[in-house]
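Report on one structure; see the data block that follows.
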Amino acid sequence: MRYDLIIFDNDGVLVDSEPISNRHLAAYLTELGHPTSYEDSLRDYMGSAMHRIHDLVLERTGQRLPDEFDDVFHARVFAAFERELQPVPGVAGVLEKLAADAVPYCVASSGSHERIRVGHRTTGLDRWFQEERIFSSQDVGRGKPAPDLFLYAAERMGVAPERCVVVEDSPLGVQAAVAAGMDVYGFTAMTPAARLADATELFSSIGELADLLV
(Lines give C-alpha, C1' and ligand atoms only; values in the text may rest on other atoms or scores of the structure.)
Protein backbone atom coordinates (compact mmCIF):
# COMPACT_ATOMS: atom_id res chain seq x y z
CA MET A 1 0.00 0.00 0.00
CA ARG A 2 1.39 3.41 -1.00
CA TYR A 3 -0.23 5.25 1.92
CA ASP A 4 -0.82 4.83 5.64
CA LEU A 5 -4.31 6.41 5.57
CA ILE A 6 -7.02 6.75 2.93
CA ILE A 7 -9.28 9.76 3.58
CA PHE A 8 -12.57 9.64 1.67
CA ASP A 9 -14.78 12.57 0.96
CA ASN A 10 -18.39 11.49 1.44
CA ASP A 11 -20.83 13.15 -0.95
CA GLY A 12 -20.18 11.99 -4.49
CA VAL A 13 -17.36 9.64 -3.48
CA LEU A 14 -19.01 7.21 -1.06
CA VAL A 15 -22.68 8.06 -1.54
CA ASP A 16 -24.22 9.31 -4.78
CA SER A 17 -25.78 12.31 -3.07
CA GLU A 18 -24.59 15.28 -5.13
CA PRO A 19 -27.41 15.15 -7.72
CA ILE A 20 -30.01 14.94 -4.96
CA SER A 21 -28.62 17.63 -2.68
CA ASN A 22 -27.79 20.10 -5.44
CA ARG A 23 -31.20 19.70 -7.01
CA HIS A 24 -32.84 20.57 -3.69
CA LEU A 25 -30.37 23.35 -2.92
CA ALA A 26 -30.99 25.03 -6.27
CA ALA A 27 -34.75 24.76 -5.81
CA TYR A 28 -34.69 26.14 -2.26
CA LEU A 29 -32.40 29.07 -3.10
CA THR A 30 -34.63 29.92 -6.07
CA GLU A 31 -37.70 29.69 -3.84
CA LEU A 32 -36.06 32.22 -1.49
CA GLY A 33 -35.51 34.70 -4.31
CA HIS A 34 -31.97 33.72 -5.32
CA PRO A 35 -32.43 32.13 -8.78
CA THR A 36 -30.09 29.15 -8.98
CA SER A 37 -30.00 26.37 -11.55
CA TYR A 38 -28.83 22.83 -10.83
CA GLU A 39 -25.68 23.59 -12.85
CA ASP A 40 -25.11 26.77 -10.83
CA SER A 41 -25.35 24.79 -7.61
CA LEU A 42 -22.84 22.18 -8.76
CA ARG A 43 -20.41 24.89 -9.87
CA ASP A 44 -20.68 27.13 -6.83
CA TYR A 45 -21.57 24.91 -3.88
CA MET A 46 -20.51 21.31 -4.55
CA GLY A 47 -18.22 20.26 -1.72
CA SER A 48 -19.11 23.26 0.45
CA ALA A 49 -19.88 23.34 4.12
CA MET A 50 -23.17 25.05 4.91
CA HIS A 51 -21.49 28.21 6.15
CA ARG A 52 -19.99 28.77 2.69
CA ILE A 53 -23.45 28.79 1.10
CA HIS A 54 -24.53 31.48 3.57
CA ASP A 55 -21.34 33.46 2.95
CA LEU A 56 -21.63 33.37 -0.85
CA VAL A 57 -25.29 34.39 -0.90
CA LEU A 58 -24.57 37.29 1.46
CA GLU A 59 -21.53 38.36 -0.56
CA ARG A 60 -23.42 38.28 -3.87
CA THR A 61 -26.78 39.71 -2.82
CA GLY A 62 -26.25 41.53 0.46
CA GLN A 63 -29.06 39.40 1.91
CA ARG A 64 -28.83 36.80 4.65
CA LEU A 65 -30.46 33.42 4.29
CA PRO A 66 -33.19 32.80 6.90
CA ASP A 67 -32.27 31.35 10.27
CA GLU A 68 -34.15 28.15 9.49
CA PHE A 69 -32.36 27.62 6.16
CA ASP A 70 -30.11 24.76 7.30
CA ASP A 71 -32.89 22.87 9.09
CA VAL A 72 -35.34 23.16 6.20
CA PHE A 73 -32.72 22.22 3.60
CA HIS A 74 -31.54 19.19 5.57
CA ALA A 75 -35.10 18.00 6.18
CA ARG A 76 -35.81 18.09 2.44
CA VAL A 77 -32.53 16.40 1.51
CA PHE A 78 -32.76 13.69 4.17
CA ALA A 79 -36.30 12.83 3.05
CA ALA A 80 -35.01 12.52 -0.52
CA PHE A 81 -32.08 10.40 0.68
CA GLU A 82 -34.49 7.92 2.25
CA ARG A 83 -36.27 7.56 -1.12
CA GLU A 84 -33.41 7.78 -3.60
CA LEU A 85 -29.88 7.59 -2.19
CA GLN A 86 -27.51 4.87 -3.41
CA PRO A 87 -23.84 4.14 -2.72
CA VAL A 88 -21.45 5.14 -5.47
CA PRO A 89 -21.17 2.04 -7.70
CA GLY A 90 -18.22 -0.12 -6.70
CA VAL A 91 -17.34 1.67 -3.48
CA ALA A 92 -18.58 -1.12 -1.21
CA GLY A 93 -16.06 -3.47 -2.79
CA VAL A 94 -13.22 -1.01 -2.22
CA LEU A 95 -14.18 -0.57 1.44
CA GLU A 96 -14.52 -4.30 1.92
CA LYS A 97 -11.01 -4.85 0.57
CA LEU A 98 -9.50 -2.07 2.67
CA ALA A 99 -11.11 -3.50 5.79
CA ALA A 100 -10.01 -7.05 4.94
CA ASP A 101 -6.43 -5.88 4.36
CA ALA A 102 -6.49 -3.79 7.58
CA VAL A 103 -5.68 -0.60 5.66
CA PRO A 104 -6.56 2.49 7.76
CA TYR A 105 -9.26 4.68 6.20
CA CYS A 106 -11.79 7.29 7.28
CA VAL A 107 -14.28 9.83 5.92
CA ALA A 108 -13.79 13.61 6.16
CA SER A 109 -16.80 15.49 4.83
CA SER A 110 -18.04 19.05 4.54
CA GLY A 111 -21.43 17.66 5.53
CA SER A 112 -22.70 17.51 9.09
CA HIS A 113 -22.34 14.40 11.23
CA GLU A 114 -26.06 13.83 10.86
CA ARG A 115 -25.88 14.03 7.07
CA ILE A 116 -22.99 11.56 6.95
CA ARG A 117 -24.80 9.10 9.20
CA VAL A 118 -28.14 9.36 7.38
CA GLY A 119 -26.39 8.69 4.08
CA HIS A 120 -24.39 5.74 5.39
CA ARG A 121 -27.36 4.18 7.17
CA THR A 122 -29.57 4.52 4.09
CA THR A 123 -27.00 2.97 1.76
CA GLY A 124 -25.64 0.31 4.11
CA LEU A 125 -22.16 1.85 4.22
CA ASP A 126 -22.43 2.32 7.99
CA ARG A 127 -21.00 -1.18 8.47
CA TRP A 128 -17.60 0.17 7.37
CA PHE A 129 -17.65 3.49 9.25
CA GLN A 130 -17.58 3.30 12.99
CA GLU A 131 -17.67 6.49 15.04
CA GLU A 132 -13.88 6.86 15.17
CA ARG A 133 -13.66 6.88 11.35
CA ILE A 134 -16.07 9.81 10.80
CA PHE A 135 -14.97 13.47 10.62
CA SER A 136 -17.08 16.47 9.66
CA SER A 137 -16.49 20.14 9.01
CA GLN A 138 -18.45 20.58 12.25
CA ASP A 139 -15.32 19.34 14.04
CA VAL A 140 -13.12 22.22 12.87
CA GLY A 141 -13.38 25.98 12.54
CA ARG A 142 -13.15 26.18 8.75
CA GLY A 143 -14.44 23.87 6.04
CA LYS A 144 -12.88 23.13 2.66
CA PRO A 145 -10.95 24.64 0.86
CA ALA A 146 -9.11 25.21 4.17
CA PRO A 147 -6.93 22.19 5.08
CA ASP A 148 -8.20 22.04 8.67
CA LEU A 149 -10.57 19.09 8.28
CA PHE A 150 -8.08 16.81 6.55
CA LEU A 151 -5.32 17.72 9.00
CA TYR A 152 -7.68 17.04 11.90
CA ALA A 153 -8.65 13.65 10.50
CA ALA A 154 -5.01 12.67 9.98
CA GLU A 155 -4.10 13.77 13.52
CA ARG A 156 -6.98 11.83 15.05
CA MET A 157 -6.04 8.75 13.02
CA GLY A 158 -2.39 9.12 14.05
CA VAL A 159 -0.91 9.49 10.55
CA ALA A 160 1.40 12.21 9.20
CA PRO A 161 -0.16 14.29 6.39
CA GLU A 162 2.45 13.27 3.85
CA ARG A 163 1.46 9.61 4.38
CA CYS A 164 -2.21 10.29 3.57
CA VAL A 165 -4.14 10.31 0.32
CA VAL A 166 -7.50 12.04 -0.06
CA VAL A 167 -10.21 10.84 -2.46
CA GLU A 168 -12.22 13.86 -3.63
CA ASP A 169 -14.67 14.90 -6.33
CA SER A 170 -14.85 18.67 -5.82
CA PRO A 171 -12.41 21.50 -6.57
CA LEU A 172 -12.77 22.74 -2.99
CA GLY A 173 -11.79 19.33 -1.66
CA VAL A 174 -8.78 19.08 -3.96
CA GLN A 175 -7.64 22.53 -2.83
CA ALA A 176 -8.00 21.51 0.80
CA ALA A 177 -5.99 18.31 0.34
CA VAL A 178 -3.20 20.11 -1.50
CA ALA A 179 -3.09 22.76 1.24
CA ALA A 180 -2.83 19.96 3.81
CA GLY A 181 0.25 18.57 2.06
CA MET A 182 -1.52 15.36 1.05
CA ASP A 183 -1.77 13.52 -2.23
CA VAL A 184 -5.27 13.65 -3.68
CA TYR A 185 -7.07 11.51 -6.24
CA GLY A 186 -9.72 13.44 -8.13
CA PHE A 187 -12.92 11.59 -9.07
CA THR A 188 -14.22 12.96 -12.37
CA ALA A 189 -17.59 11.19 -12.50
CA MET A 190 -19.46 14.47 -11.99
CA THR A 191 -16.74 17.12 -12.15
CA PRO A 192 -14.85 17.99 -15.36
CA ALA A 193 -11.24 16.89 -15.13
CA ALA A 194 -10.05 20.45 -15.80
CA ARG A 195 -11.62 21.62 -12.53
CA LEU A 196 -9.65 18.95 -10.61
CA ALA A 197 -6.38 19.62 -12.42
CA ASP A 198 -4.41 20.14 -9.19
CA ALA A 199 -5.06 16.54 -8.09
CA THR A 200 -2.17 14.07 -7.93
CA GLU A 201 -4.11 11.62 -10.11
CA LEU A 202 -7.52 11.63 -11.79
CA PHE A 203 -9.89 8.68 -12.12
CA SER A 204 -13.39 8.24 -13.49
CA SER A 205 -14.54 4.97 -11.92
CA ILE A 206 -14.08 3.30 -8.55
CA GLY A 207 -12.40 0.38 -10.27
CA GLU A 208 -9.58 2.72 -11.27
CA LEU A 209 -9.29 3.96 -7.68
CA ALA A 210 -8.67 0.44 -6.41
CA ASP A 211 -5.67 0.19 -8.74
CA LEU A 212 -4.34 3.62 -7.73
CA LEU A 213 -4.31 2.81 -4.03
CA VAL A 214 -2.00 -0.22 -4.24
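Keep in mind the model is a prediction, meaning the values are calculated, not measured.
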[Y] and [X], any side-chain heavy atoms less than 4.5 Å apart:
{"X": "L209", "Y": "Y185", "result": "yes"}
{"X": "P147", "Y": "Q175", "result": "no"}
{"X": "Y45", "Y": "L29", "result": "yes"}

Checklist entry - Y3 and D183: side-chain hydrogen bond (donor to acceptor under 3.5 Å, both in side chains), yes or no, with the steps? => result CA-CA 9 Å; Y3 301 98; D183 280 359; 2.6 Å; yes
Qualifying salt bridge (charged side-chain N to carboxylate O under 4.0 Å, His left out) pairs, either residue in [range], two or more places apart:
{"range": "residues 111-120", "value": "D11-R115, R117-E131"}
{"range": "residues 140-168", "value": "D4-R163, D9-K144, R142-D148, K144-E168"}
{"range": "residues 53-63", "value": "D44-R60"}

Contacts of [X] that satisfy salt bridge (charged side-chain N to carboxylate O under 4.0 Å, His left out) - sequence neighbours left out:
{"X": "D139", "value": "none"}
{"X": "E208", "value": "none"}
{"X": "R121", "value": "E82"}

Checklist entry - Run the side-chain hydrogen bond (donor to acceptor under 3.5 Å, both in side chains) check on S109 and N10 step by step: do they pass? => result CA-CA 5 Å; S109 172; N10 188 56; 4.6 Å; no
Rounded at 0.5 Å granularity, tell me how far [atom1] in [X] sits from [atom2] in [Y].
{"X": "S37", "Y": "R43", "atom1": "OG", "atom2": "CZ", "result": "7.0 Å"}
{"X": "C106", "Y": "I134", "atom1": "SG", "atom2": "CD1", "result": "10.0 Å"}
{"X": "Y152", "Y": "M157", "atom1": "OH", "atom2": "CE", "result": "12.0 Å"}
{"X": "R133", "Y": "D126", "atom1": "CZ", "atom2": "CG", "result": "13.0 Å"}
{"X": "L42", "Y": "T36", "atom1": "CG", "atom2": "OG1", "result": "11.5 Å"}
{"X": "L58", "Y": "I53", "atom1": "CG", "atom2": "CD1", "result": "13.5 Å"}

Checklist entry - Parallel, tilted or perpendicular: which fits the ring planes of F78 and F81, with parallel below 30° and perpendicular above 60°? => result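 Answer is tilted, since the angle falls between 30° and 60°.
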Checklist entry - Parallel, tilted or perpendicular: which describes the rings of F187 and F203, with under 30° parallel and over 60° perpendicular? => result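 Rings of F187 and F203: parallel, as their planes differ by under 30°.
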Item to check | Stepwise side chain to side chain contact (heavy atoms under 4.5 Å, CB included) test for F8 and L98 | outcome: CA-CA 12 Å; F8 291 96; L98 292 177; 3.8 Å; yes
Closest contact, heavy atoms only, [X] versus [Y]:
{"X": "P161", "Y": "L151", "answer": "CG-CD2, 3.8 Å"}
{"X": "I116", "Y": "S136", "answer": "CD1-CB, 4.1 Å"}
{"X": "G173", "Y": "S170", "answer": "N-OG, 3.0 Å"}
{"X": "A177", "Y": "V184", "answer": "CB-CB, 3.7 Å"}
{"X": "A176", "Y": "A146", "answer": "CB-O, 3.3 Å"}
{"X": "S41", "Y": "N22", "answer": "OG-OD1, 2.7 Å"}

Going hydrophobic residue to hydrophobic residue with side-chain gaps under 4.5 angstrom, can you get from [X] over to [Y]?
{"X": "F129", "Y": "V159", "value": "no"}
{"X": "V94", "Y": "M190", "value": "no"}
{"X": "L85", "Y": "M46", "value": "no"}
{"X": "L172", "Y": "V174", "value": "no"}
{"X": "V91", "Y": "V166", "value": "no"}

Sequence neighbours left out, what pairs pass side chain to side chain donor-acceptor pair (under 3.5 Å) with at least one residue falling in [range]?
{"range": "residues 63-72", "result": "H54-D70"}
{"range": "residues 190-201", "result": "none"}
{"range": "residues 87-104", "result": "K97-D101"}

Checklist entry - According to the ring-ring contact (aromatic ring centres under 6.0 Å, His included) rule, which pairs have a member within residues 18-38, sequence neighbours left out? => result Y28-F69
Checklist entry - Mind checking what makes side chain to side chain donor-acceptor pair (under 3.5 Å) contact with S137, not counting sequence neighbours? => result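 S137 satisfies side chain to side chain donor-acceptor pair (under 3.5 Å) with no residue once adjacent residues are dropped.
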Checklist entry - By side chain to side chain donor-acceptor pair (under 3.5 Å), which residues pair with D16, not counting sequence neighbours? => result none
Checklist entry - What do the steps show when you test V165 against R2 for side chain to side chain contact (heavy atoms under 4.5 Å, CB included), and what is the final call? => result CA-CA 9 Å; V165 63; R2 297 171 60 184; over 6 Å; no
Item to check | Salt bridge present between E18 and R23 (N-O < 4.0 angstrom) | outcome: no
Checklist entry - Can you tell me if S204 uses its side chain to pair, donor with acceptor, with the backbone of T188 under 3.5 Å? => result no
Checklist entry - Below 6.0 angstrom between ring centroids: does that apply to F135 and F150? => result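 No; F150 has its ring centre 6.0 Å or more from that of F135.
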Next on the checklist: L14 and side-chain contact (heavy atoms from CB on, under 4.5 Å): which single residue from V107, V167, V88, I206 fits?
Outcome noted: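 Passing option: V107.
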Next on the checklist: Would H74 and M50 count as a side chain to side chain contact (heavy atoms under 4.5 Å, CB included) here? Give the steps.
Outcome noted: CA-CA 10 Å; H74 283 134; M50 291 301 294; 4.0 Å; yes
